[in-house]
Amino acid sequence: MAEEKDREGTEVIVAEFHKKIKEAFEVFDHETNNTVDVREIGTIIRSLGCCPTEGELHDFIAEVEEEEPTGYIRYEKFLPVMTRVLLERKYRPIAEDVLLRAFEVLDPARRGFLTKEELVKYMTEEGEPFSQEEMEEMLSAAIDPDSNSINYRDYITMMVIDEN
């Protein structure tokens, strides 16, 4: 009896995931032929609440791509892989406290903010560097135009995904 309830519960969850996946996929299926440009896959995955690294995204694409890459991903191949990702809760976002500690490492004086210049330096010269386009997009959301700095506690609050 309990086993049957678990199976029914899982079926409901999977059906909800399938609905969300289909809706997200259809936004980018511009020709309504059940395919999307491979360059849109990261955006689709992120719209479903997942935050893969560039390496994880590359692996995901390799798994759903045709044997002879066409530049497009078919829904039939995307659906089962994305369902598994959601069921396994892969590519979870980073916790708020971890993000705060990361910003605090960049702010040894504990001012509570980074200047635009500091942020640009860290994001383009350290780790996995941002492209110019990514940098501009982040700065437009993160930087307070009055102070020309980022109050990182406020920014973290804005960035964190509420999973409830």
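Keep in mind that the numbers below use all heavy atoms, side chains included, and drop hydrogens, waters and symmetry copies. In this text, all values refer to a predicted model and were calculated from it rather than measured experimentally.
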**Q** Just wondering, more than 12 heavy atoms not from Tyr72 lying within 6.0 Å of its OH?
**A**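 12 or below, so no.
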**Q** Could you tell me which non-hydrogen atom of Leu57 sits nearest to which non-hydrogen atom of Pro52, and how far apart they are?
**A** N-CB, 4.1 Å
**Q** Give me the ring orientation class for Tyr152 and Phe103: parallel if the planes are under 30° apart, tilted from 30 to 60°, perpendicular past 60°.
**A**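 Correct class here is parallel.
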**Q** With a cut-off of 6.0 Å (strictly less than), are more than 12 heavy atoms of other residues, nucleotides or ligands near CD of Glu137?
**A** no
**Q** Taking all non-hydrogen atoms of both residues into account, name the closest pair between Met82 and Cys50 and its distance.
**A**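 Scanning both residues, the minimum pair turns out to be CE-SG, 3.8 Å.
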**Q** If Ile, Leu, Val, Met, Phe, Trp and Tyr residues are connected whenever their side-chain heavy atoms lie under 4.5 Å apart, and connections chain through other members, are Phe113 and Met158 in the same group?
**A**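 Result: no, two separate clusters.
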**Q** I'd like to know if the side chain of Lys77 and the backbone of Glu65 have a donor-acceptor N/O pair within less than 3.5 Å.
**A** yes
**Q** State whether Glu26 and Lys22 are salt-bridged, where the test is any N-O pair (Lys NZ or Arg NE/NH1/NH2 against Asp/Glu carboxylate O) under 4.0 Å.
**A**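 A salt bridge links Glu26 with Lys22.
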**Q** Salt bridge (Lys or Arg N to Asp or Glu O under 4.0 Å) for Glu63 and Arg84? Distances and angles first, verdict last.
**A** CA-CA 12 Å; Glu63 190 172 346; Arg84 187 182 75 237; 2.9 Å; yes
**Q** Are Val105 and Val120 connected into the same hydrophobic cluster when the rule is that any two of I, L, V, M, F, W, Y join if their side-chain heavy atoms are below 4.5 Å apart?
**A** no
**Q** What distance do Asp107 atom CG and Leu114 atom CG have between them, rounded to the nearest 0.5 Å?
**A**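 Here the rounded value is 5.5 Å.
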**Q** Is atom CZ of Arg39 surrounded by more than 12 heavy atoms (other residues, nucleotides or ligands) closer than 6.0 Å?
**A**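 Not buried by this count: 12 neighbours or fewer within 6.0 Å.
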**Q** Please report the closest heavy-atom contact between Thr124 and Pro129, naming both atoms and the distance.
**A** O-CB, 3.4 Å
**Q** Take Arg153 and Glu104 through the test salt bridge (Lys or Arg N to Asp or Glu O under 4.0 Å) and record every step on the way to the result.
**A** CA-CA 10 Å; Arg153 287 181 190 273; Glu104 287 173 342; 3.6 Å; yes
**Q** Under 4.0 Å between a Lys/Arg side-chain N and an Asp/Glu carboxylate O for Glu16 and Lys20?
**A**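 Looking at Glu16 and Lys20, the cut-off is not met.
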**Q** So does Glu133 have more than 12 non-hydrogen atoms from other groups sitting under 6.0 Å from CD?
**A**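 For Glu133, atom CD is not crowded (no more than 12 foreign heavy atoms under 6.0 Å).
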**Q** Can you confirm whether Asn34 sits close enough to Glu76 that some side-chain heavy atom of one is under 4.5 Å from a side-chain heavy atom of the other?
**A**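 Touching, per the 4.5 Å side-chain cut-off.
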**Q** Tell me whether Val38 is reachable from Val85 by hopping between hydrophobic residues (I, L, V, M, F, W, Y) whose side-chain heavy atoms are closer than 4.5 Å.
**A** yes
**Q** How far does OG of Ser131 sit from CD of Glu136, to the nearest 0.5 angstrom?
**A**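 Nearest 0.5 Å value for the OG-CD distance: 8.5 Å.
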**Q** Return yes when atom NE2 of His58 has more than 12 non-hydrogen atoms of other residues, nucleotides or ligands closer than 6.0 Å, and no otherwise.
**A**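 Counting other residues, nucleotides and ligands, NE2 of His58 stays at 12 neighbours or fewer.
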**Q** Taking the side chain as C-beta and beyond, is there a heavy-atom pair between Thr115 and Ile150 under 4.5 Å?
**A** no
**Q** Under 4.5 Å between side-chain heavy atoms, hopping through other hydrophobics if needed: is there a path connecting Val36 to Val64?
**A**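 Yes; tracing contacts between hydrophobic side chains, which count when under 4.5 Å, links both residues.
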**Q** Give a yes or no on whether the backbone of Asn33 and the side-chain of Asp29 come within a donor-acceptor separation of less than 3.5 Å.
**A**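 It does hold such a pair.
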**Q** For side-chain contact (heavy atoms from CB on, under 4.5 Å), just list the numbers for Ile73 and Ile44, CA-CA rounded to whole Å, side-chain angles, deciding distance to a tenth of an Å, and then say yes or no.
**A** CA-CA 12 Å; Ile73 302 297; Ile44 296 169; over 6 Å; no
**Q** Yes or no on side-chain contact (heavy atoms from CB on, under 4.5 Å) for Leu87 and Val14, after CA distance, side-chain angles and deciding distance?
**A** CA-CA 8 Å; Leu87 285 171; Val14 168; 3.9 Å; yes
**Q** Assess whether salt bridge (Lys or Arg N to Asp or Glu O under 4.0 Å) is satisfied between Glu117 and Lys121, documenting all intermediate values.
**A** CA-CA 6 Å; Glu117 293 73 25; Lys121 178 182 182 294; over 6 Å; no
**Q** Identify the heavy atoms of Ala24 and Ser47 that sit nearest to each other, and give their distance.
**A**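 It is CB-OG, 3.6 Å.
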**Q** Is the CD1 atom of Ile94 crowded by more than 12 outside heavy atoms at less than 6.0 Å?
**A** no
**Q** Step by step, would you call Leu86 with Ile21 a side-chain contact (heavy atoms from CB on, under 4.5 Å)?
**A** CA-CA 10 Å; Leu86 292 174; Ile21 293 166; 3.8 Å; yes
**Q** Going from CE on Met123 to CE on Met135, what distance comes out if it is rounded to the nearest 0.5 angstrom?
**A**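 It comes to 6.0 Å.
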**Q** I need the minimum non-hydrogen distance between Met138 and Phe130, along with the two atoms involved.
**A**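 Where Met138 meets Phe130 most closely, the heavy atoms are SD-CE2, 3.5 Å.
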**Q** Taking the six-membered ring for Trp, are the ring centroids of Phe60 and Phe78 within less than 6.0 Å of each other?
**A** yes
**Q** side-chain contact (heavy atoms from CB on, under 4.5 Å) for Glu96 and Thr157? Distances and angles first, verdict last.
**A** CA-CA 8 Å; Glu96 192 168 345; Thr157 302; 4.0 Å; yes
**Q** Say whether Ile45 and Leu79 are linked into one hydrophobic cluster, either directly or through other cluster members, by side-chain heavy-atom distances under 4.5 angstrom.
**A**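 Yes; Leu79 is reachable from Ile45 via cluster members.
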**Q** What's the shortest heavy-atom distance between Tyr155 and Ala142, and which atoms?
**A** CE1-CB, 3.4 Å
**Q** Could you tell me whether the side chain of Asp144 and the main chain of Ser149 form a donor-acceptor pair under 3.5 Å?
**A**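 Judged by distance alone, no pair lies under 3.5 Å.
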